[in-house]
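Here the structure is laid out as structure tokens; the discussion comes afterwards.
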Amino acid sequence: MQKMKKLSIVALMLILTATLALAGCQPKEAVGAGDGTQEPSAELEKVTVVLDWVPNTNHTGLYVAQDLGFYEEVGLDVEIIQPAEGGSASLIAAGQGEFGISYQEEITYARTAAEPLPVKAIAAIIQHNTSGFASPVEKGIVTPKDFEGKKYGGWGSPAEVAMLSGLMAKEGADFDKLEMVDLGALDFFAATKSHVDFTWIYYGWDGIAAEVNNVPINFILLQDFEENLDFYTPVIIAKEELLSARPELAEKFLAATSKGYEFAMESPEEAVKSLLKAAPEVDEAIAVASQFYLADQYQAEASQWGIMDLQIWSNYSKWMFENGLIESELEAEGAFTNDFLPKK
């Protein structure tokens with residue numbers, strides 16, 4: 001989305017920090033499950049996880065597994081870093097990390113490109129797409145029909161045009177009557193205060209932030225108006241070569257990561273402490289509220305955390321192809337796998 005993600009000033013500062021880290025800063029020491037002072041054993045295998053964006057509650061299970069020693073229990077010393085710029089798919093394909101956080105749209109682009117990237121999704125962090133179009137209630141935007149005559153703020157991607165025009169067409173609205181503006185670094189709250197009428201957000205963060213700050217909003221969940229827009233975002237990815245050569249590494253990593261997300265579902269308030277320990281700049285009130293919201297979203301009605309469905313991959317990739325976002329159809333079966341998740 002990220003893709004769908006809007007930078008704040010704080011986010012820009014964090015990305016600068018991540019750039020320095022990728023340029024050669026020393027990785028943080030992993031902590032044990034006890035008093036938090038245990039140093040990683042020389043026998044632990046070092047693993048790097050590349051985030052999709054700045055640390056947030058989408059990533060809590062990773063930080064729980066790191067903080068509470070779940071990775072150490074399976075013999076891993078995991079370092080979690082932020083990408084200097086862009087998404088994680090290209091970095092993982094280039095061997096800059098063993099695992100990454102991405103999203104279904106990015107993987108679809110990567111695997112259907114003229115020069116495809118050999119990356120594959122191995123777990124869904126959240127079962128359903130929680131993104132959509134949000135606006136202050138006073139704007140009166142409750143369906144895509146209401147986009148007519150309004151000003152939308154985004155980042156200028158073809159996906160935005162496809163989403164907006166497609167949703168408006170289904171509601172009998174005229175896309176030509178919508179004005180689109182590039183927001184740059186403005187977040188939802190700053191943008192809708194004085195620049196635009198609505199933007200694209202993830203409810204799990206900006207929507208929850210609106211609740212915490214008592215800012216009434218209208219929210220249009222994408223799949224409520226187009227079922228094919230219920231896609232996996234975010235997902236955990238790995239390079240295909242790693243999966244074939246080191247399947248046991250992927251299995252150990254997902255075993256510990258699954259344990260981290262299961263802990264986050266069972267104990268949201270405790271879990272968020274691990275996130276805040278690693279990223280103290282995150283707003284605690286929003287993080288706690290977001291964690292309670294996501295506790296019901298991580299697994300939802302699925303049989304276990306992380307599992308993915310072929311129909312979801314097929315539906316969204318077909319929608320992307322039909323809307324001219326990709327030049328060739330995705331072989332959905334090859335884009336993801338559930339094989340490395342813990343056997344339940």
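- For Phe99, the ring pair (Phe, Tyr, Trp, His ring centres under 6.0 Å) test picks out Phe253, with sequence neighbours left out.
- When side chains are defined from C-beta on, Gln304 counts as touching Pro342, because their heavy atoms get closer than 4.5 Å.
- No donor-acceptor distance shorter than 3.5 angstrom exists from the side chain of Ser267 to the backbone of Ala264, with no hydrogens or angles considered.
- A donor-acceptor pair under 3.5 Å is formed between the side chain of Lys239 and the backbone N or O of Ala93.
- Evaluation of the side-chain hydrogen bond (donor to acceptor under 3.5 Å, both in side chains) test over residues 110-126, restricted to residues two or more places apart or in two chains, returns Arg111-Glu240.
- Classification of the Tyr316-Trp319 ring pair by plane angle, with boundaries at 30° and 60°, yields parallel.
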Contacts under 3.5 angstrom, residues 219-229 side chains, donor-acceptor by atom type, not counting sequence neighbours:
{"residue": "Gln223", "atom": "NE2", "partner": "Asn129", "partner atom": "O", "Å": "2.7"}
{"residue": "Gln223", "atom": "NE2", "partner": "Asp230", "partner atom": "OD1", "Å": "3.3"}
{"residue": "Glu226", "atom": "OE2", "partner": "Asn228", "partner atom": "N", "Å": "3.1"}
{"residue": "Glu226", "atom": "OE2", "partner": "Asn228", "partner atom": "ND2", "Å": "3.2"}

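- Pairing each heavy atom of Thr57 with each of Gly204, the nearest pair is OG1-O, 4.3 Å.
- Here salt bridge (charged side-chain N to carboxylate O under 4.0 Å, His left out) pairs that include residues 285-310, with residues two or more places apart or in two chains, number zero.
- When all heavy atoms are compared, the tightest approach of Leu276 to Ala287 is CD2-CB, 4.4 Å.
- The minimum heavy-atom distance between Leu243 and Ala250, with the atom names listed, is CD2-CB, 3.7 Å.
- Although no hydrogens or angles enter the test, the distance criterion places no donor-acceptor pair under 3.5 Å between the side chain of Asp67 and the main chain of Ser274.
- Minimum heavy-atom separation, Ser258 to Leu341: OG-CD2, 4.4 Å.
- The salt bridge (Lys or Arg N to Asp or Glu O under 4.0 Å) test applied to Glu262 returns Lys344, not counting sequence neighbours.
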Start with the C-alpha gap between Glu241 and Arg246, add the side-chain angles, then the distance that decides, and say whether salt bridge (Lys or Arg N to Asp or Glu O under 4.0 Å) holds.
CA-CA 8 Å; Glu241 182 181 351; Arg246 298 288 313 282; over 6 Å; no
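- Judged by distance alone, with hydrogens and angles left aside, the side-chain atoms of Glu98 form a donor-acceptor pair with the main-chain N or O of Thr48 at under 3.5 Å.
- Between Tyr202 and Thr233, the side chains place a donor N or O and an acceptor N or O closer than 3.5 Å (distance only, hydrogens not considered).
- For Glu171, the salt bridge (Lys or Arg N to Asp or Glu O under 4.0 Å) criterion is met by no residue, not counting sequence neighbours.
- By the neighbour-count criterion of 12 heavy atoms within 6.0 Å, atom CD of Glu138 is densely surrounded, having more than that number from other residues, nucleotides or ligands.
- Residues Leu44 and Val78 have side chains not in contact (no heavy-atom distance under 4.5 Å, counting atoms from C-beta outward).
- Using a 4.5 Å cut-off on side-chain heavy atoms (C-beta onward), Ile126 and Pro234 make contact.
- In this structure, Phe198 has its ring center under 6.0 Å from that of Phe147.
- Side-chain contact check for Met308 versus Gln127: every heavy-atom pair is 4.5 Å or farther apart.
- When all heavy atoms are compared, the tightest approach of Ile326 to Ser317 is CD1-O, 3.7 Å.
- Counting heavy atoms from C-beta outward, Asp52 and His59 have side chains that approach closer than 4.5 Å.
- Remark: Lys139 pairs with Asp197 by the salt bridge (Lys or Arg N to Asp or Glu O under 4.0 Å) rule, at least two apart or across chains.
- The ring pair (Phe, Tyr, Trp, His ring centres under 6.0 Å) pairs that include a residue from residues 257-285 are Tyr261-Tyr298, Tyr261-Trp305, where partners are two or more places apart or lie in different chains.
- Within the 3.5 Å criterion, the main-chain N or O of Val54 finds a donor-acceptor partner in the side chain of Asn56.
- Of all non-hydrogen atoms in Ile208 and Ser290, the two that sit nearest each other are CG2-N, 3.5 Å.
- Proximity of Ile237 to Ile101: side-chain heavy atoms (C-beta onward) are nowhere separated by under 4.5 Å.
- Note: Gln66 CD to Asp77 CG = 8.5 Å, rounded to the nearest 0.5 Å.
- Panel note: side chain Glu331, backbone Gly334; no donor-acceptor pair is recorded below 3.5 Å.
- Residues Met163 and Val142 are members of separate hydrophobic clusters, defined by side-chain heavy-atom contacts under 4.5 angstrom among Ile, Leu, Val, Met, Phe, Trp and Tyr.
- Taking the salt bridge (Lys or Arg N to Asp or Glu O under 4.0 Å) definition, one finds that Glu333 meets it with nothing, sequence neighbours left out.
- Taking CE of Met320 as the start and CZ of Phe231 as the end, the distance is 8.5 Å to the nearest 0.5 Å.
- Taking Ser314 as the reference, Leu310, Ala332 meet the side chain to side chain contact (heavy atoms under 4.5 Å, CB included) condition, with sequence neighbours excluded.
- Here side-chain hydrogen bond (donor to acceptor under 3.5 Å, both in side chains) pairs that include residues 143-153, with residues two or more places apart or in two chains, are Tyr152-Glu160.
- Put simply, CG on Asn213 and CD1 on Ile286 are 5.5 Å apart, with the number rounded to the nearest 0.5 Å.
- Every residue meeting the side chain to side chain contact (heavy atoms under 4.5 Å, CB included) condition with Val137, not counting sequence neighbours, appears here in chain and number order: Pro216, Asn218.
- The residues Lys343 and Glu251 are annotated as not salt-bridged, no charged nitrogen and carboxylate oxygen being separated by less than 4.0 angstrom.
- Within a 6.0 Å radius of CD in Glu248, other residues, nucleotides and ligands contribute more than 12 heavy atoms.
- Trp313 is listed as a side-chain neighbour of Ile107, based on a closest heavy-atom distance under 4.5 Å.
- Ile307 and Leu62 fall within a single hydrophobic cluster, where Ile, Leu, Val, Met, Phe, Trp and Tyr are joined by side-chain heavy atoms under 4.5 Å apart, directly or via other members.
- The hydrophobic clustering, which links ILVMFWY residues whose side-chain heavy atoms are closer than 4.5 Å, places Met180 and Phe133 together.
- Side-chain contact between Thr199 and Leu183: present, with at least one pair of heavy atoms (C-beta onward) separated by less than 4.5 Å.
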What's the verdict on side chain to side chain donor-acceptor pair (under 3.5 Å) for Thr130 and Tyr293, showing C-alpha distance, side-chain angles and the deciding distance?
CA-CA 11 Å; Thr130 61; Tyr293 168 81; 4.8 Å; no
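- To the nearest 0.5 Å, atoms NZ (Lys277) and NZ (Lys273) are separated by 9.5 Å.
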